[in-house]
Amino acid sequence: MNRASISIALALAMTVPGFGEGRNEVSFPRVAADSSSYANVSAFITRHLILDLTVDFDRRILAGSVELHFSRRDMTATELVLDTRDLAIEKAEATAGTNAWVKTAFNLDRATPIFGSALRIVMPPDTDRVRVTYATSPNARALQWLAPTQTAGKRHPFLFTQAWAIQARSFIPSQDLPSVRMTYDATVRTPRELVALMAAEMHPSAAGSGVFRFHMPQAIPSYLIALAIGDLTFKSLGPRSGVWAEPSVLEAAAREFADTEQMMASTESIYGPYRWGRYDLLVMPPSFPFGGMENPRLTFASPTIIAGDKSLVSLVAHELAHSWSGNLVNNATWPDFWLNEGFTTYIERRVVEQIYGRARADMERMIGVQRLKDSRPTLAIPRDKTLRPDFTGRDPDDAYSEVPYEQGALFLTFLETKFERPAFDRFLRSWFDTHAFRSATTDDFLAFLKTELMDKQPGVVTDAQLQEWLHSEGIPAFAALPQSDAFAKVEQARDAWLAGGPMGALAFASKAWSVQEWIHFVETLPRTLMLAKMSELDDQFGFTKSPNAAIAQVWFRLAIATSYKPAYATLENYLARIGRRRLIMPLYRDLASTPEGKVQAKEILAKTREGYHPIVQTAIELLLR
Ligand SMILES: [Zn+2]
């Protein structure tokens with residue numbers, strides 16, 4: 001990208017003085033201009049929300065009210081503008097402080113497909129609170145309603161929200177942009193046999209009462225508000241951590257996540273205290289669109305990471321790391337997304353290294369680089385290949401890719417190598433301490449890097465190198481790339497077999513391979529492999545039947561490339577069972593790379609679509625258009 005747009009973003013950034021009074025001790029120095037929101041943050045800024053929602057599984061709606069408490073930045077403002085999407089607004093009321101509520105006029109603008117409708121509420125002079133009574137639509141983008149058959153237990157329905165990036169507005173009229181952080185209280189009313197959880201403190205409630213109360217004392221952006229309702233039970237993992245899951249999944253989940261407390265201690269030892277009280281995991285139904293979502297205090301995790309051998313728990317390290325990068329210090333605008341994901345991917349591997357050893361961390365780093373190289377060419381818009389995409393007029397979700405994760409992590413690894421680990425660790429810890437509970441821009445990061453590291457160690461890293469990291473559509477030539485001895489051995493065994501060596505030798509060499517080694521082996525096999533060779537591998541190692549969701553995925557990608565039909569029925573089953581985008585999108589993309597494959601992908605989607613989250617439905621439809 002060109003640098004002009006950074007300076008435009010900076011010029012648009014606004015300063016909010018006088019913040020930090022009242023019940024919320026956190027101060028907000030700035031709200032960044034944001035093209036993904038209608039909110040008039042120059043006049044009002046949300047400080048606190050009070051939600052009261054009743055869930056109706058039959059009609060697939062949430063109905064109730066939200067109270068929003070504001071700081072007024074403009075005492076003369078007479079209109080409040082909120083983000084909404086597909087909401088039925090019944091009434092709006094306004095008040096000041098503890099005065100009685102008074103009905104006030106409102107208007108819902110015509111909806112646009114990406115950003116929804118601006119809700120304009122008349123604000124009488126001095127008012128600083130509104131209450132909106134509303135109901136969601138059965139098609140709300142943030143909500144996924146699952147029938148009992150789509151759950152593990154098959155007896156009760158399930159509802160969950162996924163607000164990232166700009167979908168909170170489809171279940172809460174709100175200032176739905178990442179640079180506004182707020183605290184909240186919530187009351188959720190459910191059928192008596194179900195349990196409601198939110199990513200917040202949970203107040204004890206009478207079992208079977210159907211009324212659940214929550215309090216979120218730390219200020220968070222709207223995209224981190226999260227709710228799940230289902231047949232859920234809890235098991236403790238340690239003094240500050242535990243796991244929630246459907247009863248039939250609970251024991252396996254608790255075994256898989258047994259290292260959570262250790263991961264917390266490991267992350268704290270490098271980056272400072274965990275500041276959110278508890279850290280719990282909630283195992284979602286298989287249609288959950290992400291591997292995990294870092295909802296504060298309560299990570300939502302895909303069951304696809306439960307492999308029985310802790311081989312995929314780097315995802316827990318990742319979501320936990322977001323308690324620092326993303327939740328404690330979050331991207332001020334969506335083009336700054338790499339500040340959330342690049343940092344988190346980097347920290348995730350540092351924690352994996354501490355707990356599972358350098359060899360495994362390096363393998364995961366190399367798999368990351370490989371994915372970055374594979375996925376970049378699939379991005380149609382050149383700036384999406386850089387750390388500084390342009391989201392003007394777009395849903396940030398449309399540009400979702402490996403780039404902010406892996407290029408961002410490589411950028412930080414480069415800095416670590418240049419300034420050396422002890423100094424870089426102190427620097428990152430100080431970044432979190434200095435910016436805690438605030439949002440930050442890429443320019444904030446560069447300024448901090450300059451004063452805290454570059455000025456103190458001049459000549460180690462140049463401005464030109466920083467700019468190349470941010471704007472390059474590829475990995476800079478001066479990057480510090482990971483190396484792995486284990487992978488070198490995998491490649492030797494692979495090449496010997498490809499050159500006609502006996503299967504027995506490959507079977508012997510691979511006896512003790514880890515999941516990461518298997519992934520590397522399959523991912524680096526030639527896409528032109530003969531069908532006889534595919535059969536030979538499948539007979540020996542049973543890839544098509546692999547219960548490991550990550551190994552199965554790379555095998556299916558190879559099966560599509562080589563038209564290895566014996567895997568197709570299982571592939572179709574996989575696509576029907578799993579809704580995790582990072583696993584299934586590449587499979588749909590691979591299928592769609594040939595005309596007949598595209599027809600087949602559309603046929604599969606017709607059968608699987610209902611089981612996917614709305615954002616995944618849209619993403620795959622776009623891909624197959
Ligand atoms: Zn993440």
Side-chain angles (χ1 to χ4, degrees), residues 160-168 178 199 220-226 257 260 263-264 266-267 271 274 276 279-284 288-302 304-305 312-352 361 364-365 367-369 371-372 375 384 387 389 391 396-413 428 431-432 439-440 442 445 550 579-583 585 613 615-616 619:
F160 67 87
T161 66
Q162 174 53 49
W164 187 88
I166 55 168
Q167 307 308 342
I220 54 161
S222 55
Y223 77 90
L224 291 176
I225 299 176
F257 304 145
T260 301
M263 286 182 179
M264 293 178 78
S266 165
T267 320
Y271 302 109
Y274 179 79
W276 303 87
Y279 179 73
D280 295 322
L281 290 140
L282 166 62
V283 180
M284 303 299 283
F288 187 60
F290 298 111
M293 178 65 207
E294 65 269 24
N295 299 315
R297 309 171 70 99
L298 183 68
T299 283
F300 286 16
S302 164
T304 58
I305 65 168
L312 305 177
V313 293
S314 57
L315 187 123
V316 177
H318 181 97
E319 304 311 331
L320 174 64
H322 273 305
S323 307
W324 286 258
S325 47
N327 298 1
L328 190 60
V329 185
N330 77 301
N331 51 217
T333 72
W334 293 116
D336 298 308
F337 186 48
W338 80 274
L339 291 179
N340 279 15
E341 294 303 345
F343 276 57
T344 297
T345 303
Y346 169 83
I347 296 172
E348 162 202 333
R349 294 182 184 142
R350 290 291 306 277
V351 171
V352 167
E364 295 190 355
R365 290 182 179 110
I367 289 172
V369 171
R371 301 239 158 115
L372 176 62
S375 73
D384 287 352
L387 290 180
F391 290 149
D397 201 55
D398 291 347
Y400 184 84
S401 81
E402 302 284 338
V403 176
Y405 293 77
E406 299 296 344
Q407 179 95 344
L410 284 175
F411 181 16
L412 296 196
T413 305
L428 272 195
W431 163 257
F432 293 131
S439 53
T442 299
F445 175 70
R580 181 175 165 192
R581 173 158 66 177
R582 211 175 184 184
L583 293 177
M585 282 290 285
H613 190 277
I615 62 171
V616 175

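Remember, it's 1-based here, ligands and their atoms both numbered in the order they're listed.
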Which side-chain N or O atoms in residues 292-299 pair as donor and acceptor under 3.5 Å with protein atoms at least two apart or in another chain?
residue : atom : partner : partner atom : Å
R297    : NH1  : W276    : O            : 2.7
T299    : OG1  : Y279    : OH           : 2.7

Fill in: Protein-derived N, O or S atoms lying under 2.8 Å from the Zn ion (ligand 1), waters excluded
4
Worksheet item: Where does the angle between the aromatic ring planes of Y405 and H318 fall among parallel (under 30°), tilted (30 to 60°) and perpendicular (over 60°)?
Response: parallel
Discussion item. Before you tell me yes or no, could you show the steps for V313 and M263 under side-chain contact (heavy atoms from CB on, under 4.5 Å), namely the whole-Å CA-CA distance, both residues' side-chain angles and the distance that decides it to 0.1 Å?
Written reply: CA-CA 10 Å; V313 293; M263 286 182 179; 4.0 Å; yes
Worksheet item: Should the pair R349-E406 be classified as a salt bridge under the 4.0 Å nitrogen-to-oxygen rule?
Response: yes
Practice prompt. Could you please spell out the steps behind the side-chain contact (heavy atoms from CB on, under 4.5 Å) verdict for I166 and W334?
Written response: CA-CA 10 Å; I166 55 168; W334 293 116; 3.7 Å; yes
Fill in: Student check: side-chain heavy atoms of R580 and I305 closer than 4.5 Å
yes
